[in-house]
Chemist: 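One structure, as structure tokens, below. Some questions next.
Just so you know, these numbers come straight off a predicted model, no measurement behind them.
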Amino acid sequence: MSTIAVSPATAAVVVLLALAGAAVALLGRLGHARAVLTACLRAAVQLGAVSLVIVWAVERPPAAAAFVLVMYGVASLTAGRRITSGRAAWWAAVPVGAGTLPVFLLLAGTGTVPPKGITLIPIAGILLGGCLTATALAGRRAVDELDRRRGEVEAALALGFSGRDAALEICRPAAAQALVPALDQTRTVGLVTLPGAFVGMLLGGADPLQAGVVQLVVLVALLAAQAVAVLLTIELVARGRLTETAPPS
């Protein structure tokens with residue numbers, strides 16, 4: 001089986017890439033040099049810890065469920081903090097959960113994904129991660145658009161639009177662009193990108209056709225989950241739930 005070896009050389013390459021990313025951010029005045037290093041360090045620590053936890057949790061359904069709930073909480077809080085602050089950030093749990101749960105239940109309930117912790121936990125993580133990104137992007141774009149075009153919102157209100165409808169007219173087109181990364185990934189899979197599920201199965205010795213089917217299921221499921229997350233995020237922003245300020249009225 002061909003895979004990336006756990007060796008001093010691998011560790012050195014990872015450190016070199018992290019330093020290179022931070023250096024580029026610093027020299028280019030991107031403002032995220034320290035964040036690049038801390039993100040890489042956190043990733044190393046978290047993946048090491050999670051690897052040990054998963055080995056223990058996959059054979060224990062209650063532990064696997066608890067692990068998924070922890071992932072859900074972290075995803076919700078991370079997405080919410082990208083959009084707003086304070087208690088309003090927890091409203092991000094709605095689109096993250098509403099996007100993930102029905103798709104996850106469909107995959108598990110129909111047997112498309114084997115009902116085992118070793119498969120259910122990664123699938124839940126993929127869906128939660130996708131909904132995290134979609135929620136954060138859609139929410140941030142919606143909030144920024146409403147702030148930038150406040151005058152247009154007020155004009156719509158003067159024309160008789162409700163606060164929700166006025167906000168939707170202004171922020172929905174920009175916020176809907178949060179789906180573009182998922183659309184591009186799905187459109188170009190196999191031509192430009194070879195996603196992790198596909199490559200991982202090939203490295204594990206799976207048949208290429210089987211790996212392709214698994215990746216197709218993951219991509220389509222992810223796109224469906226993110227579409228729900230984006231829709232609900234825009235709705236929550238328009239209703240003033242995911243913002244620090246009161247909704248227009």
Side-chain angles (χ1 to χ4, degrees), residues 67-69 71-83 91-116 118-145 168 171-204 206-238 241-242:
F67 189 80
V68 171
L69 287 176
M71 290 195 295
Y72 170 53
V74 173
S76 301
L77 184 58
T78 302
R81 285 180 173 174
R82 289 293 184 187
I83 303 169
W91 277 99
V94 175
V96 172
T100 300
L101 184 59
V103 176
F104 180 79
L105 291 178
L106 177 64
L107 295 177
T110 59
T112 303
V113 175
K116 299 178 180 179
I118 193 64
T119 53
L120 292 179
I121 290 177
I123 290 295
I126 291 171
L127 294 174
L128 287 168
C131 287
L132 183 166
T133 301
T135 298
L137 286 176
R140 189 66 260 164
R141 290 183 179 185
V143 170
D144 289 345
E145 197 74 357
L168 284 176
C171 74
R172 181 161 45 197
Q177 295 300 308
L179 268 180
V180 169
L183 287 169
D184 286 345
Q185 183 183 33
T186 305
R187 287 169 177 157
T188 61
V189 66
L191 299 176
V192 177
T193 60
L194 294 175
F198 180 79
V199 175
M201 289 193 67
L202 289 181
L203 291 176
D207 178 81
L209 180 59
Q210 182 184 14
V213 170
V214 170
Q215 186 61 67
L216 177 62
V217 170
V218 169
L219 284 175
V220 175
L222 190 56
L223 188 56
Q226 288 182 299
V228 173
V230 168
L231 176 64
L232 289 179
T233 300
I234 296 172
E235 184 68 31
L236 288 171
V237 171
R241 300 291 188 269
L242 262 171

Chemist: Between Ile121 and Met71, which heavy-atom pair has the shortest distance, and what is it?
Modeler: O-CE, 3.8 Å
Chemist: Roughly how far, to the nearest 0.5 Å, is CD1 of Ile123 from CG of Leu128?
Modeler: 11.0 Å
Chemist: Restricting to side-chain contact (heavy atoms from CB on, under 4.5 Å), what partner residues turn up for Ile118, sequence neighbours left out?
Modeler: Val58, Lys116
Chemist: Who passes side-chain contact (heavy atoms from CB on, under 4.5 Å) against Arg172, sequence neighbours left out?
Modeler: Leu168, Glu169, Ile234
Chemist: Taking all non-hydrogen atoms of both residues, which atom of Ala229 and which atom of Pro95 are closest, and how far apart?
Modeler: O-CB, 3.4 Å
Chemist: Looking only at heavy atoms, which two atoms of Ala175 and Ala142 are closest? And how far apart?
Modeler: CB-CB, 3.8 Å
Chemist: According to salt bridge (Lys or Arg N to Asp or Glu O under 4.0 Å), does anything in residues 120-143 pair up with another residue at least two apart or in another chain? List the pairs.
Modeler: Arg140-Asp144
Chemist: Keeping the roles fixed (side chain from Thr119, backbone from Pro115), state whether a donor-acceptor pair exists under 3.5 Å.
Modeler: no
Chemist: Tell me, with the steps shown, if Leu242 and Val143 meet side-chain contact (heavy atoms from CB on, under 4.5 Å).
Modeler: CA-CA 8 Å; Leu242 262 171; Val143 170; 5.8 Å; no
Chemist: For the OG1 atom of Thr186 and the CD atom of Gln215, what is their distance to the nearest 0.5 Å?
Modeler: 9.0 Å
Chemist: Could you state the interatomic distance from OG1 (Thr135) to CG (Leu232), rounded to the nearest 0.5 Å?
Modeler: 8.5 Å
Chemist: Taking all non-hydrogen atoms of both residues into account, name the closest pair between Pro181 and Gln177 and its distance.
Modeler: CD-O, 3.8 Å
Chemist: What pair of heavy atoms forms the shortest contact from Val228 to Ala98, and how long is it?
Modeler: CG1-O, 3.6 Å
Chemist: Applying the side chain to side chain contact (heavy atoms under 4.5 Å, CB included) criterion to Val218, which one of Leu107, Val189, Val113, Ile126 satisfies it?
Modeler: Ile126
Chemist: Who passes side-chain contact (heavy atoms from CB on, under 4.5 Å) against Ala108, sequence neighbours left out?
Modeler: Leu120
Chemist: Keeping Tyr72 on the side-chain end and Val96 on the backbone end, is there a donor-acceptor pair under 3.5 Å?
Modeler: no
Chemist: For Thr188, which residues count as a side chain to side chain donor-acceptor pair (under 3.5 Å) partner, sequence neighbours excluded?
Modeler: none
Chemist: Which residues pass the side-chain contact (heavy atoms from CB on, under 4.5 Å) test with Arg187, not counting sequence neighbours?
Modeler: Leu183, Asp184
Chemist: How close do Ala136 and Arg82 get, heavy atom to heavy atom, and via which atoms?
Modeler: CB-CB, 3.8 Å
Chemist: Among Leu137, Thr78, Leu127, Thr100, which residue meets the side chain to side chain contact (heavy atoms under 4.5 Å, CB included) test with Leu132?
Modeler: Thr78
